[in-house]
Number of protein chains: 2
Amino acid sequence: MPRPTLADVARAAGVHPGTASRALNPDLRGRIAEETTKRVREAAERLGYVVDSVGRSLRTGRSRTIGVLVPDLTNPAFPGMIRGIEDELRVHDYAALLANTDNEVEREAELVATLKARQCDGFIIASAMRDDPVVRELVTAGDKVVLINRLLDDTTASAVVSDDQSGIAAAVHHLHGLGHNAIGHIAGPRDLSITRTRRVAYAQSMKALGLRGYVVLAEAYTAPAGHDAALRLLKRSRVTAIVAGNDMLAVGCFKAIEQLGLSCPEDISVVGFNDMPLAAHLRPALTTVRMPQYDMGVQAARLVMKADLSPETVVLPTELVVRASTGHVE
Amino acid sequence: MPRPTLADVARAAGVHPGTASRALNPDLRGRIAEETTKRVREAAERLGYVVDSVGRSLRTGRSRTIGVLVPDLTNPAFPGMIRGIEDELRVHDYAALLANTDNEVEREAELVATLKARQCDGFIIASAMRDDPVVRELVTAGDKVVLINRLLDDTTASAVVSDDQSGIAAAVHHLHGLGHNAIGHIAGPRDLSITRTRRVAYAQSMKALGLRGYVVLAEAYTAPAGHDAALRLLKRSRVTAIVAGNDMLAVGCFKAIEQLGLSCPEDISVVGFNDMPLAAHLRPALTTVRMPQYDMGVQAARLVMKADLSPETVVLPTELVVRASTGHVE
DNA sequence: TTGAAAGCGCTAACAC
DNA sequence: GTGTTAGCGCTTTCAA
């Protein structure tokens with residue numbers, strides 16, 4: 001036998017389908033006779049009835065589905081956030097449709113189109129650039145959009161970010177406290193908001209300490225790009241410490257340091273950003289700024305489920321996690 | 001103005017909605033007048049029409065949506081597979097609904113129920129145990145189920161797995177070729193099929209070489225569990241090499257080796273399994289059996305989209321990737 | 001408090 | 001080759 005429909009339940013309970021629908025709707029508790037509700041509930045239970053959300057969506061125009069766009073799920077920064085998103089959505093009977101953009105705007109646009117076709121009630125986007133045409137279009141079309149780990153230059157969309165400013169400041173002060181004065185920074189690609197936030201925070205922290213900064217740009221937030229950037233930084237300057245734009249860049253630093261016959265933390269200290277799952281298991285264990293990935297996901301989910309559209313930015317605290325990749329300057 | 005419907009397009013093109021539907025359906029190419037097709041296509045383009053998949057699903061009874069269940073997205077073994085799944089699904093206009101089970105059967109059952117409510121056309125499950133009641137129920141209910149990186153004891157469901165047998169054999173032979181005779185194995189939890197496959201492969205390979213085996217069980221496929229198991233193994237036996245059940249267990253081995261004042265690979269060689277993203281960046285870089293995660297995802301997606309239900313098992317080749325964590329016995 | 005009926009957007013069976 | 005019609009499962013307005 002196929003899945004029972006509401007009509008089946010209604011028949012079994014001896015009521016009209018409309019009544020059955022109401023009896024199963026918790027919001028209408030009190031407006032339906034106790035006795036009827038009970039009969040319907042029992043019939044539903046007995047038949048193993050589960051509401052067909054396709055029929056419901058067609059009728060209500062809402063799907064309880066959120067489109068989630070990440071650049072690349074393989075990047076260790078994202079799984080934590082997605083878990084947070086998914087767990088929180090599910091509590092409210094929402095589901096997540098996942099898609100990878102590979103940081104390609106065209107692909108992102110295409111994905112958004114197919115997600116819209118699926119009547120997503122909103123979007124959580126972790127792949128937005130500082131000026132993202134796709135996001136802009138969604139916002140002007142009146143769709144619910146929440147950015148995560150990203151901001152737009154004009155803050156027209158809601159967003160959840162970590163307090164990178166404080167995180168970077170903590171990293172710089174930590175290094176300075178260990179006796180480092182020549183501290184470099186490896187920044188990520190320019191078109192991402194986190195790159196700018198972190199670089200500015202680095203520059204300000206250095207300035208506040210009366211120190212000169214050394215900044216090198218990496219082409220992507222990946223280990224190879226970090227490796228390349230670290231080689232440039234170490235050849236060009238005499239830094240004794242590096243604040244990497246994220247953990248993957250820090251991994252690239254480790255490689256560069258080794259390749260130059262130096263060692264970490266004896267010769268060069270390194271601080272990462274994110275506290276990705278394996279950060280504690282690297283050698284040396286990576287000192288890094290922890291971003292509350294799971295909580296960011298939870299908050300993003302809450303924002304996207306909220307009724308009103310007024311843009312709102314949530315900033316969650318970061319925390320410096322000191323491990324073995326930073327040490328006293330020799 | 002709200003999103004245009006098919007009726008809007010039909011009106012704009014001066015045809016009946018039914019005709020518009022056919023004109024936009026690529027399968028009916030040739031059965032519709034060239035001229036009509038063109039007019040409808042243009043109107044759709046002009047209005048920015050995108051099919052409403054909710055309406056379509058309700059009518060066709062299929063949603064072009066696949067439920068994807070993983071134990072925990074945070075585990076680095078899964079993102080690669082999920083990318084493969086998602087990419088392949090999207091080529092065929094399917095989408096993936098993602099959910100984490102945390103290896104809890106109850107949660108898994110609950111998730112399956114809500115995914116069924118959303119009319120998923122099929123399920124890809126990476127969290128199944130060797131004897132999984134939830135999977136069994138899906139199969140008997142006639143739902144399309146494909147397991148990935150898992151098998152049932154009775155092979156009543158389709159599955160995509162890697163050739164762990166060959167992979168483990170390659171690992172053992174590699175170690176033996178380096179002069180190791182005392183080779184231990186850290187196996188994962190008993191209720192997963194991969195645990196058994198790998199342990200049996202290990203035992204057979206050792207036996208074929210005339211060597212005695214040393215097996216220790218880890219409570220989970222995690223670094224702490226690997227750490228604990230490695231300590232037990234190293235205290236109980238005089239092994240000079242360890243074949244870990246997966247990369248996370250190998251990471252735990254590293255920690256245990258260090259803790260005992262030994263070093264890898266000088267004192268103890270370690271081989272992992274999976275070749276997770278950061279395996280090459282660990283110190284020492286991890287020698288491991290590469291599992292074709294992305295391809296496994298692709299194959300799983302293809303199987304789940306196939307029309308017929310007859311269970312089918314796809315085995316993809318593994319490859320030993322030799323890095324720095326294995327060396328000649330001293 | 002419940003029944004009746006309409007209709008969300010789409011496609012497929014049938015008629016011409 | 002195209003128009004017509006019905007109906008997928010659900011919720012909600014309107015009546016009673």
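Per chain, numbering begins at 1; letters A, B, ... match sequence-line order. For the numbers below, each heavy atom of this structure counts, side chains included, while hydrogens, waters and symmetry mates do not.
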**Distance (rounded to the nearest 0.5 Å) between A/Leu98 CG and A/Leu73 CG** = 5.5 Å

**Message:** Once salt bridge (Lys or Arg N to Asp or Glu O under 4.0 Å) is applied, what residue pairs with a partner in residues 120-130 of chain A remain, sequence neighbours excluded?
**Reply:** A/Arg62-A/Asp121, A/Arg130-A/Asp153

**Item:** Gap between atoms CG and C1', on B/Asp8 and C/dC8 respectively (whole Å)
**Value:** 13 Å

**Message:** Nearest 0.5 angstrom please: B/Ser63 OG to B/Leu58 CG, how far?
**Reply:** 11.5 Å

**Asked** Atom OH in A/Tyr221, atom CG in A/Asn274: separation rounded to 0.5 Å?
**Response** 9.0 Å

**Item:** Sugar-phosphate or base contact per nucleotide [nucleotides 10-16 of chain C; S, B, -; heavy atom under 4.0 Å]
**Value:** BBBB---

**Prompt:** Quick one: how far along DNA chain D does chain A reach, first to last nucleotide 5' to 3', anything under 4.0 Å to a heavy atom?
**Reply:** D/dG9 to D/dT13

**Message:** I'd like to know if the side chain of B/Gln119 pairs up with that of B/Arg64 as donor and acceptor (distance under 3.5 Å, no hydrogens or angles considered).
**Reply:** no

**Prompt:** Can you pull the salt bridge (Lys or Arg N to Asp or Glu O under 4.0 Å) pairs that have at least one residue in residues 102-118 of chain B, sequence neighbours excluded?
**Reply:** A/Arg83-B/Asp102, A/Asp87-B/Arg107, A/Arg90-B/Glu110, B/Asp102-B/Arg107, B/Lys116-B/Asp143

**Message:** To the nearest 0.5 Å, what is the distance between CG on A/Asn149 and CG on A/Leu151?
**Reply:** 9.0 Å

**Prompt:** Do any pairs count as a salt bridge (Lys or Arg N to Asp or Glu O under 4.0 Å) and have a residue in residues 23-38 of chain B, sequence neighbours left out, and if so which ones?
**Reply:** B/Glu35-B/Arg39

**Request:** Can you sort out which residues in residues 34-43 of chain B have a heavy atom within less than 4.0 Å of DNA chain D? Ascending by number, please.
**Result:** B/Thr36

**Complete:** Separation between CZ (B/Phe123) and CG (B/Leu111), nearest 0.5 Å, reads 10.0 Å

**Asked** To the nearest 0.5 Å, how far apart are CG in A/Leu147 and CD1 in A/Ile124?
**Response** 10.0 Å

